[in-house]
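All remarks here apply to the structure that follows.
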Amino acid sequence: MTENSTQTVSILGINGRIGQFAAKAFIDAGWQAKGFGRENRAPFDGFEFVKGDGFNLQDVQRAVSGAEVVVHALNLPYDKWADKEKGAVVLNRVVIEAMKGSGKTLIFAGNVYNYGAKDHRLTPDLPQTPATDKGDIRVQMEKELVEAGRAYNFQVIVIRASDYFGPDATGSWFDLAIAREFNKGKITRICDGKTKHSWAYLPDLGRAFEKVAAQRDQLGAYENFHFAGYRATGDELITLIQAALPTPYKVVQLPWWVFNAMAVFNPMMREIVKMRYLWQEPHELVDPKLDAILGPDFGTPFDRAVAETTYSLLPEHELAKIKAKRAA
């Protein structure tokens with residue numbers, strides 16, 4: 001294993017959820033860190049900000065310069081993925097061009113869209129037969145990364161995870177759906193409450209990126225890792241949220257019929273509705289090889305992860321109740 005204190009990581013997409021938590025994990029482990037984005041929207045100590053546009057090759061080349069490891073966490077809104085000029089595949093190709101001939105390690109933030117709706121046990125060697133056009137795009141992106149890495153001398157590591165959540169992390173199903181009416185004393189159940197769903201706690205996922213990067217010299221030219229995270233039914237998750245609250249909240253069902261109606265004229269909502277199958281089918285990420293790298297004691301207990309995330313999303317008056325309860 002290499003000594004981290006003299007190494008540099010470049011985070012492409014520092015403003016995103018994965019970018020933020022990956023950067024913090026690398027910094028905590030002693031790495032020098034660079035963060036790339038259009039603006040430094042959520043600044044914190046410990047990294048050098050590199051301003052630029054992910055579609056501009058020179059900007060991305062500046063961002064990866066001097067770094068041994070590059071975390072590719074650039075992403076676009078759902079309805080922009082398929083754009084022929086400014087879409088996800090085009091963005092990915094700019095990163096590939098910047099990595100060519102570098103000998104660096106590229107860690108790509110993968111997701112479960114690559115697999116079919118009925119693929120319930122997701123192992124790294126499972127054939128990728130996506131259920132949606134967004135899954136087709138992700139398969140193409142990963143295929144192009146792997147082919148370019150082999151042809152142009154850079155290591156490619158995919159770390160795949162399911163839905164993200166974490167303290168102060170926005171733009172996730174946890175904050176946008178489950179916690180959307182916390183200010184009204186309500187928890188929203190997304191699915192039927194009985195189907196198992198996989199979750200990745202962002203602080204743990206960020207640490208997984210760093211641990212894999214630290215052992216990159218022992219890995220192959222291409223690796224596809226699956227981050228297991230947690231599996232829980234909607235009802236089990238709600239029970240943990242209720243346990244973190246000062247008083248019980250009312251449980252309401254997510255109104256998918258409203259989403260379906262909005263999808264008729266709203267492109268973003270149309271793309272969200274396409275992904276509903278992920279809440280109707282029980283997907284599980286399985287990867288003994290990654291588990292061995294992370295170790296037996298890796299990971300935050302699920303109840304604590306849910307509680308910390310819940311606290312970060314509560315209105316001030318509810319936090320005051322929790323503080324008063326603890327002080328009593």
Side-chain angles (χ1 to χ4, degrees), residues 1-37 40-50 63-75 95 99 102-110 154-161 164-169 199-230 285 287-302 304-305 308-309 312:
M1 196 178 302
T2 320
E3 177 59 42
N4 292 344
S5 60
T6 60
Q7 295 187 88
T8 299
V9 60
S10 179
I11 311 290
L12 305 181
I14 189 64
N15 293 311
R17 291 162 294 175
I18 292 179
Q20 290 259 315
F21 283 93
K24 290 173 182 176
F26 277 97
I27 293 166
D28 288 346
W31 293 64
Q32 301 296 311
K34 301 169 71 175
F36 176 73
N40 193 9
R41 292 201 305 266
F44 54 91
D45 292 338
F47 75 95
E48 172 194 349
F49 177 66
V50 180
V64 305
S65 176
E68 290 83 9
V69 174
V70 177
V71 173
H72 180 358
L74 294 169
N75 206 356
V95 175
M99 292 292 295
S102 66
K104 300 178 190 293
T105 296
L106 179 74
I107 302 180
F108 180 66
F154 62 93
Q155 185 183 34
V156 175
I157 298 173
V158 177
I159 300 182
R160 194 180 315 282
Y164 315 125
F165 75 110
D168 299 311
W199 292 93
Y201 187 52
L202 283 161
D204 289 347
L205 184 59
R207 291 195 300 118
F209 274 61
E210 191 281 326
K211 281 186 171 290
V212 168
Q215 297 192 30
R216 66 192 183 279
D217 292 344
Q218 303 167 37
L219 303 174
Y222 165 63
E223 299 281 359
N224 175 28
F225 290 120
H226 285 197
F227 181 80
Y230 318 100
L285 291 94
D287 189 352
K289 185 174 180 179
L290 179 58
D291 292 344
I293 291 173
L294 301 181
D297 298 322
F298 182 87
T300 305
F302 192 29
R304 196 174 99 205
E308 292 298 327
T309 305
S312 74

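The structure displayed is predicted, hence computed values, not measured ones.
- For I11 against A23, the heavy-atom pair with the smallest separation is CG1-CB, 3.9 Å.
- Ring-plane geometry between F47 and F49 is classed as perpendicular, the angle between the planes exceeding 60 degrees on a 0 to 90 degree scale with a lower cut at 30.
- Shown here for S10 and A63, the closest heavy-atom pair between the two residues is OG-O, 2.7 Å.
- Between A169 and L202, the shortest heavy-atom distance links the atoms CB-CD1, 3.5 Å.
- Using modelled atom types, one finds a donor on one side chain and an acceptor on the other under 3.5 Å when comparing T105 with Q155.
- If you take CG on L290 and CZ on F298, they are separated by 8.0 Å, rounding to the nearest 0.5 Å.
- Counting all heavy atoms, side chain and backbone alike, M99 lies closest to F154 at O-CD2, 3.5 Å.
- Residues F209 and I18 have side chains in contact (heavy-atom distance under 4.5 Å, counting atoms from C-beta outward).
- Here the side chain of R216 pairs a donor or acceptor atom with the backbone of A213 at under 3.5 angstrom.
- The shortest distance between side-chain heavy atoms of V64 and L12 falls below 4.5 Å.
- Put simply, the side chain of Q20 gets close to the backbone of I14: a donor and an acceptor are under 3.5 Å apart.
- Judged purely by atom type and a 3.5 angstrom limit, K34 uses its side chain to pair as donor or acceptor with the backbone of S65.
- Atom NZ in K289 sits 10.0 Å away from atom CG in N224 (nearest 0.5 Å).
- Among all heavy-atom pairs drawn from F21 and P167, the shortest one is CZ-O, 3.5 Å.
- Within 6.0 Å of NZ on K104 lie more than 12 heavy atoms contributed by other residues, nucleotides or ligands.
- If you take OG1 on T309 and OH on Y201, they are separated by 5.0 Å, rounding to the nearest 0.5 Å.
- To the nearest 0.5 Å, the span separating CD on E68 from CG on D217 amounts to 10.5 Å.
- Judged by distance alone, with hydrogens and angles left aside, the side-chain atoms of T300 form no donor-acceptor pair with the main-chain N or O of A305 at under 3.5 Å.
- The CD1 atom of I159 sits 11.5 Å away from the CZ atom of F108 when rounded to the nearest 0.5 Å.
- In this structure, the separation between CZ on F36 and CG on N15 is 10.5 Å, given to the nearest 0.5 Å.
- Counting heavy atoms from C-beta outward, L219 and F225 have side chains that approach closer than 4.5 Å.
- Taking every heavy atom of both residues into account, Y164 and W199 meet most closely at O-CZ3, 4.1 Å.
- A donor-acceptor distance shorter than 3.5 angstrom exists from the side chain of E223 to the backbone of G220, with no hydrogens or angles considered.
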